[in-house]
Amino acid sequence: MVENTKNINHSKDANLAQSIADETYAQTVYRRFKRHRLGFISLIFLIVVVALIILVPLLSPYDPNGIVGNYKEPPSAAHPLGTDKVGRDMLTRLFAGAGVSLFVALSSTLISTLVGIVLGLLSGYFGSWVDIFIMRITDVVMSFPYLLLVLVFAAIFDPGMWNIILILSFVNWPAMARLVRSNVMAIRKVNFVQGSRVAGMTHAYIMFKDILPNAMAPVLINASSVLALTMLDEAALSYLAMGVQPPTASLGNLLNVAQSFSVLKNYPWMWIPPGVFIILLVVAINFIGDALRDALDPQSQSQEN
Amino acid sequence: MIRYILKRILIAIPVLLGITLLDYAIMSMAGSPMEMMLGPRVTEAALAEKEALLGLDQPLIVQYFNWLKELIQGNLGYSIKQNLPVASLIGQNIGPTALLMGVSLILSMGLAIPAGLHSAVKQYSKTDYTIVLLSFIGTSIPSFFLALVLVYLFNMKLGVLPSGGMTTLGYDPSIGDTVRHMILPVVVMVVSLLGNNIRYIRASMLEILDQDYLRTARAKGIGKKKVIRKHALRNALLPIITIFGMQIPIMFSGSVVIEQVFSWPGLGRLTMDAILNRDFPLIMGVSLLAAIVVLVSNLLTDIIYTLVDPTIEYS
């Protein structure tokens with residue numbers, strides 16, 4: 001974001017300068033990352049949330065999908081966030097749901113990133129008809145309004161966790177493929193890549209060992225924004241009852257009850273916590289992505305995505 | 001330049017065909033229209049006869065071209081649930097959506113352009129930090145949740161705004177009434193667009209401010225304000241055009257969720273109803289239309305871009 005990294009070279013402390021000179025790439029990245037205060041706080045927040053997602057269902061006396069109390073019970077000592085409309089403990093369901101939402105977003109981001117990397121590499125490296133073919137496919141997929149395509153697929157393949165992961169991957173790979181392609185096209189003309197070619201290295205070696213590592217920074221930065229987007233999409237889909245299906249909780253389908261005006265009006269504890277949780281997680285992921293951008297690619301800190 | 005524009009149009013044609021192909025493939029995956037009609041009153045034999053009549057016993061590729069031929073003549077098929085032509089259903093619902101999108105687009109650009117430019121010109125200032133921080137938070141709020149919070153606050157707690165619809169039932173429609181109904185959906189749509197737009201404009205403006213010709217202009221000593229007014233703003237027009245093009249698919253997606261929450265009687269709500277009812281001819285008609293609108297708006301953006309920017313490469 002607006003972190004100033006220009007003063008790296010102005011360190012007056014010779015020891016510090018020496019230690020900076022000696023550090024590995026990973027250490028440099030970590031040091032720059034830490035300087036983005038909001039990003040660093042977000043990282044810690046995310047680690048704590050992941051720990052809670054693992055711990056809460058283990059330590060909670062309640063089964064997240066089991067009926068454990070009266071229905072629509074307001075927050076109390078026994079149920080700190082109350083119970084839902086059939087009597088399940090909201091706090092346990094909130095963390096179980098956050099786990100499912102994060103899992104959906106992470107797996108889908110991973111799949112779309114891998115597919116995008118492979119197709120983007122092929123497209124940018126081989127060019128000609130391979131490139132034309134793959135790029136036209138990305139054009140076609142990206143022409144459909146994103147959420148519309150997701151909803152249509154969800155309607156055809158029946159909503160459910162795994163289908164949602166695959167559907168979100170399908171709509172997200174084209175942007176990643178284009179990003180990788182444009183980076184590959186910039187790198188493939190560089191001397192060391194040409195050198196590998198003269199040395200008779202295989203195409204696969206040149207693509208994955210020479211080119212890919214040099215294109216990883218923008219890929220990682222873009223993946224972080226895809227992660228934030230898929231969190232929001234899973235939430236919207238599940239809210240519309242086209243995503244993760246109950247009794248399995250997700251942050252989105254916990255909010256599904258708020259479609260009813262009486263729930264919205266009278267039982268705010270059922271829908272405010274999952275909504276706020278989604279915002280906190282997505283804000284955290286966005287800040288981490290921003291810090292990552294500063295850390296991996298200081299020149300582009302003023303650039304969008 | 002005309003060659004470049006022609007080339008862009010030529011590239012769009014296979015994409016357009018691809019769109020219809022994907023649309024048709026999705027519809028075929030959804031099942032045969034005969035199965036959708038199959039009910040207790042229709043026998044298998046009658047279905048087979050009807051299938052032959054409609055040409056559905058022919059190979060898929062032939063069926064695709066038959067469908068394409070109908071499509072070119074403006075026949076988008078019939079809605080299964082409502083038994084009306086898809087084209088006329090779309091026609092009936094497009095007005096409210098266009099109104100919602102148009103007002104939101106104008107407001108979001110009206111706010112994003114000054115905010116983004118100011119943020120870039122005053123980089124690292126307190127206002128810049130605040131604008132960027134708010135834009136990050138804005139993009140991180142799910143629009144349906146913001147809608148719920150707004151309905152909760154302004155309708156249920158304060159009772160000052162309607163919770164949904166476009167007019168109050170039982171009253172004569174009036175402009176004031178519609179405006180009151182529009183406030184909340186427009187706010188949600190604008191918030192969902194604003195964050196990214198501000199950051200995009202800010203980033204593009206920062207890039208422009210870093211260009212050599214601006215450094216030269218500043219070095220000539222004509223004053224920072226004048227440099228920005230005379231040189232930088234004119235160049236910021238390009239990213240602003242790009243953003244206009246990018247808004248359309250985002251607004252289409254947004255309208256599905258927002259119209260659903262606010263019962264806004266537009267295309268988004270029609271689509272969501274069709275999805276919940278598995279009314280595939282209607283779903284695919286809307287998707288096809290949306291995809292074509294997106295394709296055309298991308299094409300227009302590219303063409304306007306070449307007209308505005310004399311330095312672009314036409315290769």
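As the structure is a prediction and not an experimental result, all values here were calculated from the model. A note on names: the letters A, B, ... follow the listed sequences, proteins ahead of strands, and every chain is numbered from 1.
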When the 4.5 angstrom heavy-atom criterion is applied to B/Ile248 and chain A, the contacting part is neither

Assess whether salt bridge (charged side-chain N to carboxylate O under 4.0 Å, His left out) is satisfied between B/Lys7 and B/Asp302, documenting all intermediate values.
CA-CA 11 Å; B/Lys7 201 179 153 198; B/Asp302 274 4; over 6 Å; no

Partner of B/Pro185 by side-chain contact (heavy atoms from CB on, under 4.5 Å), out of B/Val261, B/Leu150, B/Ile258:
B/Ile258

Highest number of heavy-atom pairs under 4.5 Å with chain A: which of B/Val257, B/Leu146, B/Leu22?
B/Leu22

What residues of residues 148-155 of chain A sit under 4.5 Å from chain B when you count only heavy atoms?
A/Leu148, A/Leu149, A/Leu151, A/Val152, A/Phe153, A/Ala155

Determine the interplanar angle of the A/Phe287 and A/His36 rings, folded into 0 to 90°, and report it as parallel if under 30°, tilted if 30 to 60°, perpendicular if over 60°.
tilted

If you tally heavy-atom pairs under 4.5 Å between each of B/Pro14, B/Ser140, B/Ser143, B/Ser253 and chain A, the highest tally belongs to B/Ser140

Got A/Leu292 and A/Phe33 here, is their nearest side-chain heavy-atom distance under 4.5 Å?
yes

So, for B/Gln260 and B/Asp273, which heavy atoms are closest and what is the spacing to 0.1 Å?
OE1-OD1, 4.3 Å

What part of B/Met272 is in contact with chain A, defined as an atom under 4.5 angstrom from a non-hydrogen atom: side chain, backbone, both or neither?
side chain

Is the closest basic N to carboxylate O distance between A/Asp131 and A/Arg181 below 4.0 Å?
yes

Is chain B contacted by the side chain of A/Met231, its backbone, both, or neither, given a heavy-atom distance below 4.5 Å?
neither

Chain B contact via A/Ala258 - side chain, backbone, both or neither, heavy atoms under 4.5 Å:
both

Answer key: most heavy-atom pairs under 4.5 Å with chain A among B/Ile141, B/Val256, B/Leu148, B/Leu295 is B/Leu148

Contacts with chain B made by residues 276-284 of chain A (heavy-atom distance under 4.5 Å), listed by residue number:
A/Val276, A/Ile278, A/Ile279, A/Val282, A/Val283

Heaviest contributor of heavy-atom pairs below 4.5 Å to chain B, chosen from A/Asp139, A/Leu240, A/Leu264, is A/Leu264

Is it the case that A/Ser238 and A/Glu234 place a side-chain donor and acceptor less than 3.5 Å from each other?
yes

Is it true that B/Asp128 and B/Lys122 make a salt bridge, defined as a side-chain N closer than 4.0 Å to a carboxylate O?
no

Test salt bridge (charged side-chain N to carboxylate O under 4.0 Å, His left out) applied to A/Arg188 - qualifying residues, sequence neighbours left out:
none

Would you kindly say whether B/Tyr64 and B/Thr20 are connected by a side-chain donor-acceptor distance under 3.5 Å?
yes

Establish, from distance only, whether the side-chain atoms of B/Thr139 and B/Arg199 form a donor-acceptor pair under 3.5 Å.
yes

Counting only heavy atoms closer than 4.5 Å, note whether B/Val15 contacts chain A via side chain, backbone, both or neither.
both

Under 4.5 Å to a heavy atom of chain A? For B/Val149 that would be both

Exercise: identify the closest heavy-atom pair between A/Ile164 and A/Met242
CD1-O, 3.4 Å

For B/Thr97 and B/Gly268, which heavy atoms make the closest approach, and how far apart are they?
OG1-N, 4.0 Å

Scanning both residues in full, the closest heavy-atom pair of A/Ala228 with A/Asn286 reads CB-OD1, 3.3 Å

Looking at A/Pro274, A/Gly252, A/Ala236, which makes the most heavy-atom pairs under 4.5 Å with chain B?
A/Ala236

Which pairs would a plain distance check flag for residues 279-287 of chain B, meaning a side-chain donor or acceptor within less than 3.5 Å of a matching protein atom at least two apart in sequence or in another chain?
unit_1: B/Asp279; atom_1: OD1; unit_2: B/Ile80; atom_2: N; d: 3.0
unit_1: B/Asp279; atom_1: OD2; unit_2: B/Ser79; atom_2: OG; d: 2.7
unit_1: B/Asp279; atom_1: OD2; unit_2: B/Lys81; atom_2: N; d: 3.3
unit_1: B/Ser287; atom_1: OG; unit_2: B/Ile283; atom_2: O; d: 2.8

